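Note that the structure is a prediction, hence the values are computed from the model and not measured. First listed ligand is number 1; within each ligand, the first listed atom is number 1.
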Amino acid sequence: MSDDRGRATSRAVVRWAAAGAGVAAVVAGAGLGELIAAWLAPRASPVAAVGGVLVDLAPAWAKDLAIALFGTADKIALLTGIALALAGVAAAAGLLQRARPPWGAVLAALLGGLGVAAALSRENAGPFAAVPSIVAGVVASAAVTWLAPRADATPAPDASGVSRRRVLIGGVGAAVAGALAIAWAASLRAGESAVAAVRAGLRLPAAARRAEVPAAAELGIPGLAPVVTPNVDFYRIDTALIVPELDPADWRLRIHGMVEREVVITWGELLALPLEESVTTLACVSNPVGGDLIGTAVWLGHPIRELLTRAVPLPEADMVLSRSHDGFTAGTPLEALTDGRDAILAVGMNGEPLPFEHGFPVRMVVPGLYGYVSATKWVVELEVTRFDRARAYWTDRGWSERGPIKLQSRIDVPRAGEVPAGETVLAGVAWQQHVGIVGVEVQVDDGPWQRADLATAISADTWVQWSARVPLEAGGHVIRCRAVSAAGETQTRETAPPAPDGATGWHERRITAV
Ligand SMILES: Nc1nc2c(c(=O)[nH]1)N[C@H]1C(S)=C(S)[C@@H](COP(=O)(O)O)O[C@H]1N2
Ligand SMILES: [Mo]
């Protein structure tokens with residue numbers, strides 16, 4: 001090897017070492033920060049706080065895109081993106097610190113500062129919100145100050161007594177310690193919390209009014225979505241990177257705004273009121289045609305209208321802005337909460353307390369409206385107001401002010417792929433909550449529309465299963481379905497994307513009969 005090439009190689013090695021030093025320093029700082037957050041203030045996790053700010057800054061199309069690309073894994077995708085961006089900045093800090101000290105250390109400290117700002121900006125941040133990010137920034141900045149200039153260390157100890165070997169041990173050690181701390185923090189967070197123990201020990205009161213799910217509502221066809229969705233399979237959509245864990249003992253709901261008297265109700269008071277069961281299908285406005293951001297549960301709760309009656313909304317009010325513990329808001333037409341439908345403050349879901357992901361201890365459920373305008377989880381506040389005075393989380397980001405659920409249907413059986421030729425069973429679900437479904441039709445290729453059989457509807461507030469038998473010749477086919485509502489509307493073939501007020505169009509699947 002010529003001397004020149006040797007020098008070029010070693011320059012490249014030094015640069016890689018400096019970049020690696022930056023990454024090791026930031027991993028060490030972030031790891032310690034995450035660990036402290038897991039102990040002290042879960043929602044102050046530096047990475048989750050920055051992620052939360054990014055989620056809040058994202059416009060409607062970005063949410064739509066994230067859900068289209070990653071579905072309910074959108075949060076994992078976001079955190080992965082943040083980790084990659086962090087690694088990039090960390091490498092830059094290492095290079096900068098070696099070439100132009102102290103700017104690398106300053107950059108590392110700025111990362112910590114970003115975490116501090118993000119954590120403090122979160123709703124209900126708590127007194128320790130800044131601590132994890134401060135520690136992370138100080139450690140990262142100190143570590144890069146020590147490590148980066150030593151990227152040039154020689155195999156033998158130099159004047160300062162530092163050899164390449166010792167630097168390597170320092171750098172790799174910092175990175176490994178940081179990674180271990182991150183893993184530890186994750187396991188602490190996943191582990192049983194005190195509030196999880198409270199939830200596990202809860203027994204909800206019996207329902208004063210029980211809901212019936214008729215046996216004939218469930219067709220029991222393999223591959224068809226069950227008419228009541230088990231909690232573990234229920235879709236989850238929210239902006240929370242860390243699921244709030246509220247202690248019911250601390251929970252309060254405040255009803256205020258344009259009311260004659262403010263009402264505050266505690267967990268104990270809520271459970272002492274008559275609780276009713278209702279079966280309601282919840283759907284997300286981001287659900288694409290044929291998508292699975294929809295599910296049905298037997299909810300247990302108390303009618304919101306009863307509590308509003310105590311507060312007495314002023315005649316000019318037309319909206320209730322509900323707010324969650326973590327700052328999410330939804331604007332629900334006052335009328336939908338008072339017109340007699342099963343709009344409830346839910347505490348139970350399919351026979352158990354709400355799962356944390358679905359809003360423990362209390363959430364709203366309102367039949368007929370998409371979740372973003374009605375289904376506030378971890379709800380702590382109802383502000384009676386007007387649509388022309390207040391805006392909610394998603395309406396601020398370009399989604400429609402009102403979100404009535406659109407008429408939709410989906411084919412679950414068969415999925416894409418091969419089916420035996422001959423008589424074939426098609427099956428799926430159809431919904432337009434609070435309007436109701438009276439028919440579903442299916443079509444093979446561009447043939448005539450044929451009426452499907454409907455299962456017994458639980459109510460107008462739930463989806464309905466359907467099935468149909470169609471003859472299929474060998475070869476490729478396109479199958480489609482469309483629903484007919486109790487209002488006499490036939491599901492439109494006109495396609496619309498989820499933004500700003502819900503997707504439309506016919507669901508179709510391509511299959512091959514063999
Ligand atoms: N606190 C809070 N509540 C929320 C949301 C949220 O981001 N934060 N998302 C809403 C949306 S968009 C939907 S579709 C439903 C989903 O409820 P689920 O996750 O229980 O299925 O919750 C609603 N309630
Ligand atoms: Mo949603």
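Under the 3.5 Å distance criterion, the side-chain polar atoms of K377 are left unmatched by any main-chain donor or acceptor of V362. For the pair D501 (side chain) and G403 (backbone), a donor-acceptor distance under 3.5 Å is absent.
Because its NZ or CZ atom is both nearer than 6.0 Å to the ring centre of F387 and within 45° of the ring axis, R402 counts as a cation-pi partner of that residue.
Listed by number with element, the atoms of ligand 1 under 4.0 angstrom from any heavy atom of T376 are 3 (N), 24 (N). Within ligand 1, the atoms closer than 4.0 Å to a non-hydrogen atom of D326 are 1 (N), numbered from 1 in the order shown. In summary, the atoms of ligand 1 found under 4.0 Å from a heavy atom of C284, numbered by their order in the structure, are 14 (S). Each of the following atoms of ligand 1 lies closer than 4.0 Å to a heavy atom of F234: 21 (O).
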Kindly indicate, with the supporting measurements, whether the criterion side-chain hydrogen bond (donor to acceptor under 3.5 Å, both in side chains) is fulfilled by H256 and E381. CA-CA 8 Å; H256 65 108; E381 198 183 310; 2.9 Å; yes
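Considering backbone and side-chain atoms together, H358 places an N or O closer than 3.5 Å to an N or O of ligand 1. The shortest N/O to N/O separation between A283 and ligand 1 does not fall below 3.5 Å. When only interatomic distances are considered, the shortest N/O to N/O separation between S324 and ligand 1 falls below 3.5 Å. On a distance-only criterion, I237 and ligand 1 share at least one N/O pair closer than 3.5 Å. When only interatomic distances are considered, the shortest N/O to N/O separation between R363 and ligand 1 falls below 3.5 Å. At under 3.5 Å, a nitrogen or oxygen of K377, whether backbone or side chain, sits near a nitrogen or oxygen of ligand 1. Taking distance alone, with nitrogen or oxygen atoms compared against 3.5 Å, R236 stays at or beyond that limit from ligand 1.
At a threshold of 4.0 Å, the pair E352-R199 counts as salt-bridged, since one of the basic side-chain nitrogens sits closer than that to a carboxylate oxygen. Salt-bridge check for D56 with R122: passed, with a basic side-chain N closer than 4.0 Å to an acidic carboxylate O.
With a heavy-atom cut-off of 4.0 Å, W378 touches ligand 1 through its side chain alone.
Of all the listed residues (Y235, F328, Y372), Y372 holds the heavy atom that lies closest to atom 12 (S) of ligand 1.
The side-chain hydrogen bond (donor to acceptor under 3.5 Å, both in side chains) with T296 is formed by just one residue from the set D461, T281, T229, T280; it is T281.
In this structure, the protein non-hydrogen atom closest to atom 23 (C) of ligand 1 is A375 O, 3.5 Å.
Atom CH2 of W466 is separated from atom CZ of R410 by 10.5 Å, given to the nearest 0.5 angstrom. Annotation: the span from R236 atom CZ to D238 atom CG amounts to 4.0 Å, rounded to 0.5 Å.
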